[in-house]
Amino acid sequence: MSAAEDDERASVQVVTPDGRFEPNAAAEEYLPYLERVTDDDQRRFYRDMAVVRRFDAEAGHLQRQGQLALWAGSHGQEAAQVGSGRALRAQDTIFPAYREHAVAKIRGVDLLDVLRLMRGLTNGGWVPEEVGNFHLYTLVIGAQTLHATGYAMGVALDGAPTGDPERDEAVLVYFGDGATSEGETSEAFIWATSFATPQVFFLQNNHWAISVPVSRQSRTPLVDRAAGFGLRATRIDGNDVLASYAVTAKQLDDARAGRGPGFIEAMTYRMGAHTTADDPTRYRGSSELEEWRARDPIARFRTHLEAQSLADDGFFADVDQEAADFAADIRRRVVELGPPDPALIFDTVYTDEHPLMSAQQDWLRAYEAGFGA
Amino acid sequence: MTTTWTMSRALNAGLDAALAADGKVLLLGEDVGPLGGVFRVTDSLAAKYGPSRVFDSPLGEAGIVGTAIGLAMRGYRPICEIQFDGFIYPAFNQITSQLAKLTARHEGKASFPVVIRVPYGGHVGAVEHHQESPEAYFAHTAGLRVVSPSTPNDAYWMIQQAVQSNDPVVFFEPKSRYWPKGEVDEESPAATLHTSRVVRGGTDLTLVGHGAMVAMMLQAAEVAATEGTSIEVVDLRSLSPIDFGPLVRSVEKTGRLVVAQEAPGFASLGSEIAATVAERAFYALHAPVLRVSSFDTPFPPAKLESLYLPDADRILEAVDRALDY
Ligand SMILES: Cc1ncc(C[n+]2csc(CCOP(=O)(O)OP(=O)(O)O)c2C)c(N)n1
Ligand SMILES: [Mg+2]
């Protein structure tokens with residue numbers, strides 16, 4: 001049995017890798033959540049995935065052209081991200097890792113701000129409250145799982161759920177298979193179950209942590225490990241956008257209703273390099289890549305849309321045009337970005353007055369001014 | 001109105017006042033609930049404020065600080081207790097790489113008013129990991145504020161001021177000073193959080209230190225006075241930022257400075273103070289700034305701690321060297 005086939009066991013799947021709409025037995029309990037997905041929603045999912053894939057490619061080009069310090073791609077993981085991102089409700093709060101570009105876009109982050117981070121112009125980039133409660137990227141593996149859990153503890157402290165899913169809040173945190181080995185991630189699971197937080201842990205198991213395969217992180221399926229912590233744990237075909245949508249929507253609604261924290265293991269694959277600084281040919285073979293290419297989330301969904309007569313050539317041409325325009329706009333705006341204000345070094349380290357910040361900023365100003373004379 | 005309290009009791013009253021003043025203040029950590037903390041600093045607060053304001057966390061320091069960060073993002077002002085100095089290290093990433101940097105990473109659009117209380121220091125005869133002085137790690141980290149009270153009165157006020165700070169504060173409680181009593185003025189604070197203070201006037205030499213060292217320095221000054229040496233004692237109170245003004249003025253008057261600390265001396269707060277005073281009061285100095293510290297070794301078994309930790313005699317030895325210079 002190949003790795004991909006093994007992963008498919010007991011995973012919720014709605015659309016098969018070759019694009020047939022055939023929910024499997026594991027998908028049964030999530031079907032009510034699929035019923036609310038309109039034809040427009042399905043086209044929206046496709047558009048989200050296609051535009052972000054084009055954006056991701058453009059960002060890779062920009063890095064190679066010296067416009068970015070680094071790029072961490074999302075290629076291959078679009079279905080996991082778009083399905084879960086679209087399942088979130090407006091009032092929900094998201095804690096990403098660093099490659100959830102599709103979710104960032106869905107929540108309203110200007111993806112130029114992600115590129116400002118990767119260009120070395122900021123260590124943040126946006127104000128979470130202004131962009132759909134999408135928190136800052138966290139590069140320290142696993143650290144954000146605890147922030148999400150603390151935030152969700154706060155949601156619970158603010159009041160019991162009203163029972164209205166349109167109002168009750170939930171928290172979603174993204175992390176990778178490598179992150180599951182960090183002690184902090186385990187602590188987050190423990191705190192979440194102990195305090196019955198309204199949150200969902202969304203693991204994108206893309207099978208690699210840089211060059212280290214997931215078998216080095218765990219010999220038991222990670223979904224089973226999560227269940228051992230007492231989380232409501234579900235494994236999904238992470239390259240199936242409808243499975244990702246339906247399972248995340250249900251998990252979030254269970255969490256917001258006070259039924260405790262949930263966990264989703266989305267089986268997916270990092271099609272590209274870990275980042276632009278990585279060379280995957282040193283540690284993985286092309287046959288694995290080919291196997292996953294046959295499970296591509298976008299091609300699969302396109303076949304499904306066509307088979308169900310939900311989209312025609314005109315639609316796909318329009319999406320391609322939107323993706324190309326989006327990429328061109330990002331490119332134009334990236335190259336126009338100016339340098340950051342040096343005051344950024346000092347001004348916001350503390351909220352309240354701090355004597356060292358003002359003294360050292362004054363010193364730097366005077367020093368710099370000395371060259372102008 | 002003044003009351004006579006131990007520092008433990010004063011901290012308890014200060015925490016009580018902070019919890020009463022603001023419904024967003026939470027108290028969490030290992031055993032802080034019904035037990036009232038292993039030093040009883042949080043005694044009776046769980047009963048008074050209930051389990052949604054004062055609660056036991058699971059046992060994990062990264063979890064305590066990491067979730068406190070999330071609570072702060074939600075608008076709460078968590079006060080975390082780390083049970084002992086030597087157990088803060090599992091939280092090091094969450095304190096130094098997360099909490100400390102998050103205000104800057106948000107470019108000032110978010111504040112992280114988290115207080116981390118840490119009972120610290122030796123002279124209590126405890127087993128390994130229960131007597132350390134790790135404050136320099138945190139003073140070295142931009143984005144944190146670090147303070148340490150030396151008296152019940154300061155403890156009472158500084159813990160409330162720390163809770164009011166909009167920045168993270170690592171609050172080091174000198175555990176050897178938990179039980180001696182002192183006067184607490186419940187009406188008005190003696191000073192703001194980040195000011196140092198001259199606690200004994202003198203003319204021949206300045207002694208500076210913080211936490212439990214303040215009592216040692218006062219003891220040393222008392223002995224020196226009987227031998228005709230007049231020592232001025234400065235209580236640092238705040239370790240980051242350091243309020244150098246009173247210290248530099250004192251050195252300008254006395255011309256001699258000895259820094260005393262329980263922490264190992266290498267790359268310590270004492271190093272920073274010596275360097276800064278040398279920069280700012282170079283022409284006033286009649287002798288190099290001397291440091292009295294613990295040795296640059298792991299904290300030894302408790303039966304050897306009296307050889308490892310500085311005491312009044314070792315401070316006096318350095319005083320003599322500075323005066324002889
Ligand atoms: C605490 C920490 N250790 C090491 C690294 C370096 N590093 C960056 S990404 C990465 C692999 C992460 O793998 P995974 O969690 O599976 O996420 P993925 O990159 O596959 O999305 C490592 C080791 C880091 N960023 N943080
Ligand atoms: Mg991975």
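The sequence lines fix the lettering, A, B, ..., with proteins before strands; numbering per chain opens at 1.
- The CG atom of B:N166 sits 13.5 Å away from atom OH of A:Y350, with the distance rounded to the nearest 0.5 Å.
- To the nearest 0.5 Å, the span separating CG on A:L146 from OG1 on B:T67 amounts to 6.5 Å.
- Here the straight-line distance linking atom CD1 of B:I69 with atom OG1 of A:T149 works out to 12.0 Å at 0.5 Å rounding.
- Taking B:V65, B:L144, B:L59 one by one and counting their heavy-atom pairs under 4.5 Å with chain A, the maximum is reached by B:L144.
- Using modelled atom types, one side-chain atom of B:D167 and one backbone atom of A:D352 make a donor-acceptor pair closer than 3.5 Å.
- A heavy-atom distance below 4.5 Å is found between the side chains of B:Y76 and A:L157.
- The minimum heavy-atom distance between B:P58 and A:I190, with the atom names listed, is CB-CG2, 4.0 Å.
- Annotation: side chain of B:R145 is in contact with side chain of A:H354 (closest heavy-atom distance under 4.5 Å).
- Of residues 167-182 of chain A, those residues with a non-hydrogen atom less than 4.5 Å from any non-hydrogen atom of chain B are, in numerical order, A:E169.
- From A:M153, atom CE reaches atom CZ of B:F55 across 4.0 Å, with rounding to the nearest 0.5 Å.
- Inter-residue side-chain proximity for B:Q98 and A:V140 is flagged as met; some heavy-atom pair is nearer than 4.5 Å.
- Below 4.5 Å, heavy atoms of chain A meet heavy atoms from B:K24, B:L26, all part of residues 23-32 of chain B.
- A:Y151 OH to B:R74 CZ: the interatomic distance, rounded to the nearest 0.5 Å, is 4.0 Å.
- Considering OG1 of A:T348 and CG of B:L102, their distance stands at 11.5 Å, rounded to 0.5 Å.
- The candidate with the highest count of non-hydrogen atom pairs below 4.5 Å against chain A, out of B:H106, B:K109, B:Q94, is B:Q94.
- Of the listed residues (A:G124, A:G154, A:S194, A:A188), the one with the most heavy-atom contacts under 4.5 Å to chain B is A:G154.
- When heavy atoms are compared at a cutoff of 4.5 Å, B:A68 does not approach chain A at all.
- The environment of OH in B:Y137 is sparse: at most 12 heavy-atom neighbours from other residues, nucleotides or ligands sit within 6.0 Å.
- Comparing B:S240, B:G70, B:S97 by how many heavy-atom pairs each has under 4.5 Å with chain A, the most go to B:G70.
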